Amino acid sequence: MKGFNVLHPMGWDAFGLPAENAAIKHGVHPSKWTFENIAYMKKELKRMGLSYDWQREVATCDPAYYRWNQWFFLKMFERGLAYKKASAVNWCPSCETVLANEQVIDGGCWRCEAVVVRKDLEQWFFRITAYAEELLRDTSALTGWPEKVIVMQRNWIGRSEGVEVDFSIVDSDRKIRIFTTRHDTLYGATFMSIAKKHPLVRELVKDERILRDIESLPEDAGKKEGVFTGCHAVNPLTGDKLPVYVANFVLMEYGTGAIMAVPAHDQRDFEFARKYGLPVRTVIRPADTAAGSTPHAITEAFEEDGVLVDSGQFTGLASDEARAKIADYLESRGLGRKVVNYKLRDWGISRQRYWGTPIPVIYCPSCGTVPVPEHELPVVLPPDVSPGGRGASPLAAAGGFVMTKCPGCGGDARRETDTMDTFVDSSWYFLRYCSPEAGRPVDPAAADYWMPVDHYTGGIEHAVLHLLYSRFFTKVIRDLGLVKINEPFTSLLTQGMVIKDGAKMSKSKGNVVDPDFLIDKYGSDTVRIFCMFAAPPERDLEWSDQGVEGAQRFLNRIWAFVYKNRDELVKRDDNDGIKAPPALSSAASGLLRKTHQTIKKVTNSIERDYHFNTAIAALMELVNEMLSFRPEDDGGAAVLRFSMRHVILLLAPFAPHFAEELWRETGHHGSIVNEKWPEWDEETAKEEETELVVQVNGKVRAKVMIPAGLDDEAVKERAFSEPKIREYTAGRTLKKVIVVRGRLVNIVV
RNA sequence: GCCGGCGUGGUGGAAUGGCAGACGCGUCGGACUCAAAAUCCGAUGGGCUUCGGCCCGUGUGGGUUCAACUCCCACCGCCGGCACCA
């Protein structure tokens, strides 16, 4: 109605664990299960009157789609962005597969909530960390995103600047490399802590007893525990010998897997030092305490910045200055270097399950790991495999799939049997919508025309999952030269959930309302109106059967009115010249004004902030006024027709079927969706008279009708002439009078 | 612990610093009906009232302002994220 070319597609993210698990539960093959569900849901979406462009429909489990997952994998493999490595990974014992870090929520599986365990496996990864800096930097360009999501992504990426410092080991030529962001506290290091899995542990510790003690350190670091290795390292700045401990709270995955411990200025080190009787050496004093006042008997670490004490040539410097100077000093002597660390880890994409994109790799005894040649894509998922997790991919049992020839040497070889994470599918589907039939993942010209997505709606649960992966993919695809955009989604709306009986509406909770039932009983327009009226979209929507009834009442009243006054309404003069009517009764011009005001309000509510609830509320107000209006003459009848026509037009996006039918019933031809969206006239929308609120000392004491556009002096005069106001101001000294143009007068006495 | 967000009638929710509670739901009263449902009309934040009105009220306590749901500070509560990240 606004004349825009809008791409509003729908597709099916249907290739993954959730679908496979559901299929197993129902004893059906995932393929059958998935396609039956797609058919059912598509029917429901259509019944709701959602105006998707079905010509662009995609399903991620279709080989015509997932072959491009494989294509991207090959391109990433070529560029070193896809690689395989052995590591400790998150394993969901219930889903029997690996999960990426983003997919572990509070130590549980994002999907089934089972407790995730660590498992050592060889896995394929996407090198998302190569884009860490850009992913972080570009968050500041996402001005149309909720601040909350941006903050979550920034925290997840977790950039920190610091230095790596080498500590040489006494009686060894090896060094321990540590990462720290607090090199201003280097003089306060009194011991070292390294991760249990640190490679140096095996090299340095020969004593079997100590090794056993290290081995039995509790994995879960709820309590800080450690074992002295028997080795010492040398502080490169002080020359002090520091005992080296293995500590269970030091992570191998972050930084270098080793830290210098400064108990005076790090609470974790402080607790550890207390437990093992290690010295505490203060090297930072708070900036507001006097120099030379020696702090004693500290009970907790002082972790803030301050001023350096007992730190050699750096004594007296402020922390930030000291960090800069110490970093330079270390670099100039070759003792360390400045580095940037990220909390973000590479994205583990291997899944030991059936229902997913086969990873297009072949293992050859003589050629090693060989990518499937591009022209052999897609590697199709064999249909005759029974799904289910069994600790390894079900594909491993499919002999016909596994056994293949090496593309390099032609000898016998085996296919990779893991499949890709379902989040790979959803990381670029929006690009596919631009050119769903293209012989490449995306046609650059189509992408140029449509991308980026102007408006993206999704759940907050994807703040660091789908929304981060999609940003990564977009940047990779840009670097492959297929698109020019840096970011996929210009504006993001995180919509709320549907709540019923105090819980999220979901099949597993059994509190769902069946859309088919609702549509049969009320019609889809009623359901649509209720859903949009009950709450703004970013908030949770509380389901209310009575609320649905209310929405139906609203539509019924309009319907009944049209049929009752059909003869009147059908007279077609479509009088837009009504803007400046010659002689309308005051009721008629009131309704005309209200109509223009409603056009304005509805338009703004839709366009400004998607607050459909207030748009519908405005329409209800207009309908209330319209239904109580009784035309007294031709002018009045014309206004009523005008008003009715606009109610129908404004209702069209919310209740399309309803509006379409009333449009015809009131004598119009052609579909309402081809009508122009109405415009309001600012002059007509203006009130002729406004209610002036008169306050004395901020309290409302009178309300007076005044003609619009009265100047401030006249308004003031009018206010003072009110008997009530005189009463309140009599015998008191006037201190101040504030006039808000045409709205309010506040008299201060 | 750190970082966000949110606290408004019985209820879902409205309010560019300018009449708090739009609109809807529910409830109550009335009309229609033999009756009920549906529908329509009216009332509906709390307290007081000499029926003219008056006072209080947006989690709590302060502050800024002629004026605060809105801005600032502190606290309480709820929700979400991160959490030995060196």
Side-chain angles (χ1 to χ4, degrees), chain A residues 105-106 146-156 158-160 162-164 178-183 185 193 195 220-224 247-251 253-262 265-269 271-272 303 341-345 460-461 463-464 494 499 529-530 533-536 538-551 553-554 556-557 560 601 605 608 611 613-624 627-628 691-703 724 727 735-749:
Chain A
I105 312 291
D106 280 338
E147 190 59 27
K148 181 188 173 77
V149 177
I150 289 178
V151 168
M152 283 167 74
Q153 291 216 352
R154 284 181 185 155
N155 290 341
W156 189 260
R159 182 184 200 271
S160 62
V163 294
E164 284 181 358
I178 61 105
F179 172 73
T180 181
T181 55
R182 289 302 303 274
H183 33 294
T185 65
S193 298
D220 152 47
K223 277 193 224 139
K224 287 170 191 54
N248 66 338
F249 66 89
V250 177
L251 306 170
E253 295 81 25
Y254 185 77
T256 59
I259 59 168
M260 65 168 186
V262 185
H265 304 294
D266 183 292
Q267 188 59 25
R268 295 159 299 179
D269 296 342
E271 286 166 27
F272 195 88
E303 296 188 313
N341 254 309
Y342 299 93
K343 202 171 77 88
L344 181 71
R345 306 284 146 74
I460 186 70
E461 69 274 18
V464 286
T494 50
I499 304 290
I529 291 277
F530 167 71
F533 179 65
E538 66 275 12
R539 254 205 247 195
D540 285 347
L541 185 152
E542 197 146 308
W543 190 264
S544 154
D545 291 331
Q546 276 140 350
V548 181
E549 303 267 0
R553 263 200 292 272
F554 169 59
N556 277 346
R557 281 160 68 212
K601 174 83 177 123
S605 289
R608 259 199 335 239
H611 279 193
N613 57 330
T614 55
I616 291 169
L619 270 167
M620 286 173 169
E621 281 188 54
L622 174 59
V623 168
N624 288 344
L627 296 200
S628 59
E691 194 180 51
L692 178 73
V693 174
V694 188
Q695 299 179 331
V696 178
N697 291 339
K699 284 186 197 278
V700 182
R701 295 303 181 190
K703 294 176 181 183
K724 289 229 43 157
E727 201 179 301
K735 287 191 187 140
K736 202 171 186 180
V737 180
I738 287 108
V739 180
V740 180
R741 173 60 51 86
R743 306 244 295 263
L744 181 141
V745 174
N746 189 12
I747 299 160
V748 188
V749 290

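By convention in this document, chain letters (A, B, ...) are assigned in the order of the sequence lines, proteins followed by strands, and residues within each chain are numbered from 1. Because the structure is predicted, anything quoted here is derived from the model rather than measured.
In secondary-structure terms, RNA chain B builds stems of at least 3 consecutive Watson-Crick or G-U pairs, each pair having both distances under 3.5 Å, at B:1-7 with B:76-82, B:10-12 with B:23-25, B:26-31 with B:39-44, B:45-48 with B:53-56, B:59-63 with B:71-75.
Qualifying salt bridge (charged side-chain N to carboxylate O under 4.0 Å, His left out) partners for A:Glu253, counting only residues two or more places apart in sequence or in other chains: A:Arg118. Applying the side chain to side chain contact (heavy atoms under 4.5 Å, CB included) criterion to A:Val464, with sequence neighbours excluded, gives A:Met152, A:Gln153, A:Trp156. Residues passing the ring-ring contact (aromatic ring centres under 6.0 Å, His included) test with A:Phe530, sequence neighbours excluded: A:Trp543. Annotation: side chain to side chain donor-acceptor pair (under 3.5 Å) contacts of A:Glu271 (sequence neighbours excluded): A:Lys224, A:Gln267. Listed by chain and number, the residues in a salt bridge (charged side-chain N to carboxylate O under 4.0 Å, His left out) with A:Glu164 are A:Arg177, A:Arg337 (sequence neighbours excluded).
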Collect all protein-nucleotide pairs involving nucleotides 50-57 of chain B in which both atoms are nitrogen or oxygen and the distance is under 3.5 Å.
unit_1: B:C54; atom_1: OP1; unit_2: A:Arg701; atom_2: NH1; d: 3.3
unit_1: B:C54; atom_1: OP1; unit_2: A:Tyr728; atom_2: OH; d: 2.8
unit_1: B:C55; atom_1: OP1; unit_2: A:Arg701; atom_2: NH2; d: 3.2
unit_1: B:C55; atom_1: OP2; unit_2: A:Arg701; atom_2: NH1; d: 3.2
unit_1: B:C56; atom_1: OP2; unit_2: A:Lys699; atom_2: NZ; d: 3.1

Give me the distances for all protein-to-nucleotides 67-70 of chain B N/O pairs that come in under 3.5 Å?
none

Please enumerate all protein N or O atoms sitting under 3.5 Å from an N or O of nucleotides 11-13 of chain B, with distances to 0.1 Å.
unit_1: B:G12; atom_1: O2'; unit_2: A:Ala534; atom_2: O; d: 2.8
unit_1: B:G13; atom_1: O3'; unit_2: A:Asn613; atom_2: ND2; d: 3.3

Close N/O contacts between protein and nucleotides 79-82 of chain B (under 3.5 Å):
unit_1: B:C82; atom_1: O3'; unit_2: A:Lys343; atom_2: NZ; d: 3.4

Between side-chain atoms of residues 694-702 of chain A and protein atoms elsewhere (two or more places apart, or another chain), which donor-acceptor pairs fall under 3.5 Å?
unit_1: A:Asn697; atom_1: OD1; unit_2: A:Val749; atom_2: N; d: 3.0
unit_1: A:Arg701; atom_1: NH1; unit_2: A:Tyr728; atom_2: OH; d: 3.2

* Structure fact -> A correct 5'-to-3' footprint of nucleotides 41-46 of chain B, with B, S and - meaning base, sugar-phosphate only and no protein heavy atom under 4.0 Å, is ------

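For B:C19, the base has a donor-acceptor partner in the side chain of A:Glu691 [N/O atoms by modelled type, under 3.5 angstrom].
Picking from B:C23, B:C19, B:C3 the nucleotide with the shortest atom distance to the side chain of A:Glu621 gives B:C23.
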